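First the structure, in the form of structure tokens, and then the observations on it.
Quick caveat, the model's predicted, so the values are computed rather than measured.
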Amino acid sequence: MFDFSTVVDRHGTWCTQWDYVADRFGAPDLLPFTISDMDFATAPCVLDALTQRLAHGVFGYSRWKNDEFLGAIRHWFSRRFNSVIDAESVVYGPSVIYMVSEMIRQWSSPGDGVVVHTPAYDAFFNAIEGNQRRVAAVPLHQTPEGWMCDMDALERVLSDAQNTVLLLCSPHNPTGKVWTRDELSAMAALCEKHGVRVISDEIHMDMVWGAHRHTPWCEVARGDWALFTSGSKSFNIPALTGAWGLIGAADARSDYLHALKGRDGLSSPSVPALVAHIAAYQQGEPWLDALRDYLQENMRYIATALNHAFPELRWQPPQSTYLAWIDLRPLNIDDRLLQKVLIEQQKVAIMPGYTYGEEGNGFVRLNAGCPRSKLERGVQGLINAIHALR
């Protein structure tokens, strides 16, 4: 019913992943598996809704706080997570990272520590350090059951009075870990005990695989908290801008909205973003479910190909996201030499694990949000590069 196999040429569209790959990798014309957007056209219902709105022809100042947008969000949370949310708690912003950064500014002071599970999404480091805060790292540990957080270690970090915010990535990027309700509840209790506020980035909430289930932070929250997300990853619409979230306390919500409108002058949202989100959340479920099936098959392909070439890897698909977090440490490959061979010989761009902090050494993060034909070329390029170094 939906076509995810046809390749869409993204060259010449000001595309970060394709047109500007040289900015990060130093060479143009590489086949990219990098920044986490997808190579698929968005859902037909979104395109139809955008076309109808564009035909209206008038794009004046607007408001995000309208019944259609808020109703679509409530519908999505109810349908996908069996969660009932209060529309009064909803806030809007230009991007999840903007919203995260703003709450870091409001809930901490320069020099404070922001607690993060590592390896961590690289934009988290930028948001923390760019606001003159410190990264207070709590490393995740890889076990046969998946990635785990040592709750005792987490409590030791949370108990430091200078660490005032927990910045949670749920599901976790880059590992793909899905936090269980019990884990989230334990974290919520620890944060309440030590007076630590919580910011939960849940932008990958719709990309959870198999028997795993995403639990929104609002289901377990205690104390001060904020949950930020967007349809941008799920429906491949980040260039439209626009994100939204929930802030539990009325005073914190008011402070955020005052900064958004009063200080930063962001009073009018992107109309295409609102239109796209409403259409996606009200009509896009069949497309998303078909996409999810395709992405899971992509992950299974990666596992089959890599484990056939290198049985000692025993790589398993992640619990969530379309980002394959691949542990190459059993092969004793030099990370930087691997990048050199990938770029210069294989003409492939794959994110090195050290982008995500010290705990990422020995890993690569491969974006599988693309047609299978492209993915096959990228995985084969990775296999060829590893063989060249052994």
Side-chain angles (χ1 to χ4, degrees), residues 73-74 76-86 89-91 96 99-100 103-104 107 113-121 124 136-143 145-159 163-230 233-234 243-249 252 318-321 323 325 359:
I73 290 172
R74 293 182 66 186
W76 195 250
F77 254 54
S78 176
R79 282 284 302 168
R80 303 302 284 194
F81 311 116
N82 196 30
S83 183
V84 177
I85 62 173
D86 178 5
S89 68
V90 175
V91 295
V96 166
M99 301 170 88
V100 165
M103 294 314 296
I104 287 174
W107 280 352
V114 177
V115 181
V116 176
H117 295 98
T118 54
Y121 173 40
F124 278 12
V138 177
L140 295 176
H141 299 284
Q142 194 172 24
T143 73
E145 291 75 37
W147 291 90
M148 303 297 291
C149 172
D150 181 335
M151 292 295 174
D152 292 334
L154 176 63
E155 181 165 21
R156 285 193 293 273
V157 177
L158 293 174
S159 67
N163 297 333
T164 55
V165 173
L166 169 65
L167 177 51
L168 180 67
C169 194
S170 179
H172 186 261
N173 174 13
T175 67
K177 173 179 175 56
V178 176
W179 300 97
T180 67
R181 180 177 286 268
D182 286 347
E183 288 174 318
L184 294 172
S185 296
M187 283 192 277
L190 291 175
C191 288
E192 181 184 45
K193 176 181 177 181
H194 296 289
V196 174
R197 293 169 163 131
V198 178
I199 305 169
S200 185
D201 175 348
E202 303 190 9
I203 200 167
H204 292 283
M205 64 186 186
D206 294 317
M207 298 298 183
V208 172
W209 313 132
H212 301 285
R213 294 292 178 266
H214 175 69
T215 301
W217 183 261
C218 57
E219 293 286 311
V220 301
R222 305 182 184 189
D224 287 329
W225 60 274
L227 181 166
F228 297 135
T229 189
S230 171
K233 301 295 184 190
S234 310
W244 58 273
L246 311 171
I247 298 179
Q319 296 173 351
S320 68
T321 82
L323 306 168
W325 183 240
E359 288 79 16

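- In this structure, Pro139 and Glu359 have side chains that are in contact, with non-hydrogen atoms separated by less than 4.5 Å.
- Listed by chain and number, the residues in a salt bridge (charged side-chain N to carboxylate O under 4.0 Å, His left out) with Arg79 are Glu285 (sequence neighbours excluded).
- By the side chain to side chain contact (heavy atoms under 4.5 Å, CB included) test, Ser78 pairs with no residue at all, sequence neighbours left out.
- Side-chain contact check for Val115 versus Val165: every heavy-atom pair is 4.5 Å or farther apart.
- To the nearest 0.5 Å, the span separating OG on Ser320 from CG on Asp206 amounts to 11.0 Å.
- Residues that satisfy the side chain to side chain donor-acceptor pair (under 3.5 Å) test with His172, not counting sequence neighbours, are Thr175.
- Legend: residues meeting salt bridge (charged side-chain N to carboxylate O under 4.0 Å, His left out) with Lys233, ordered by chain and number and at least two apart, are absent.
- Enclosure of atom CZ in Arg74 is not indicated, since only 12 or fewer non-hydrogen atoms of other residues, nucleotides or ligands lie within 6.0 angstrom.
- From Cys191, atom SG reaches atom CG of Leu184 across 10.5 Å, with rounding to the nearest 0.5 Å.
- Taking the side chain to side chain contact (heavy atoms under 4.5 Å, CB included) definition, one finds that Ala252 meets it with Trp107, Ile247, Ala249, sequence neighbours left out.
- With sequence neighbours excluded, no residue forms a side chain to side chain donor-acceptor pair (under 3.5 Å) with Trp217.
- Note that CD1 of Ile73 and CD1 of Ile85 are 6.0 Å apart. Values are rounded to the nearest 0.5 Å.
- Closest of all the heavy-atom pairs between Pro216 and Phe81 is CG-CB, 3.9 Å.
- How far CZ of Phe77 is from OG1 of Thr229: 6.5 Å, rounded to the nearest 0.5 Å.
- Between the Gln319 side chain and the Val178 main chain, a donor and an acceptor come within less than 3.5 Å of each other.
- Looking at every heavy atom in both residues, Val96 comes nearest to Ala243 through N-CB, 3.5 Å.
- By the side chain to side chain donor-acceptor pair (under 3.5 Å) test, Trp244 pairs with Tyr281, sequence neighbours left out.
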Q.
Working note: His204 + Leu323, criterion side chain to side chain contact (heavy atoms under 4.5 Å, CB included); need CA distance, chi angles, decisive distance, verdict.
A. CA-CA 10 Å; His204 292 283; Leu323 306 168; 4.2 Å; yes

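- Taking the ring pair (Phe, Tyr, Trp, His ring centres under 6.0 Å) definition, one finds that Phe228 meets it with nothing, sequence neighbours left out.
- The salt bridge (Lys or Arg N to Asp or Glu O under 4.0 Å) analysis of residues 187-201, with sequence neighbours excluded, yields the pairs Glu155-Lys193, Glu192-Arg222, Arg197-Asp224.
- In this view, His117 and Trp179 satisfy the ring pair (Phe, Tyr, Trp, His ring centres under 6.0 Å) rule, not counting sequence neighbours.
- Closest non-hydrogen pair, Leu167 versus Val100, comes out as CD1-CG1, 3.7 Å.
- Other residues, nucleotides and ligands contribute at most 12 non-hydrogen atoms within 6.0 Å of the CG atom of Asn82.
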Going by atom type alone, with no hydrogens or angles, which donor-acceptor pairs under 3.5 Å involve a side-chain atom of residues 207-215 and a protein atom two or more places apart or on another chain?
from   : atom 1 : to     : atom 2 : distance (Å)
Trp209 : NE1    : Thr321 : O      : 3.0
Arg213 : NH1    : Gly210 : O      : 2.9
His214 : NE2    : Glu202 : OE1    : 2.8

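- Remark: Ser83 engages Glu219 in a side chain to side chain donor-acceptor pair (under 3.5 Å) (not counting sequence neighbours).
- Rounding to the nearest 0.5 Å places CH2 of Trp76 at 7.0 Å from OG of Ser234.
- Across all non-hydrogen atoms, the minimal contact from Pro318 to Gly176 is CB-CA, 4.1 Å.
- Taking CD1 of Ile199 as the start and CD1 of Ile104 as the end, the distance is 5.0 Å to the nearest 0.5 Å.
- Looking at Asn173, its side chain never comes within 3.5 Å of a backbone N or O of Tyr121 through a donor-acceptor pair.
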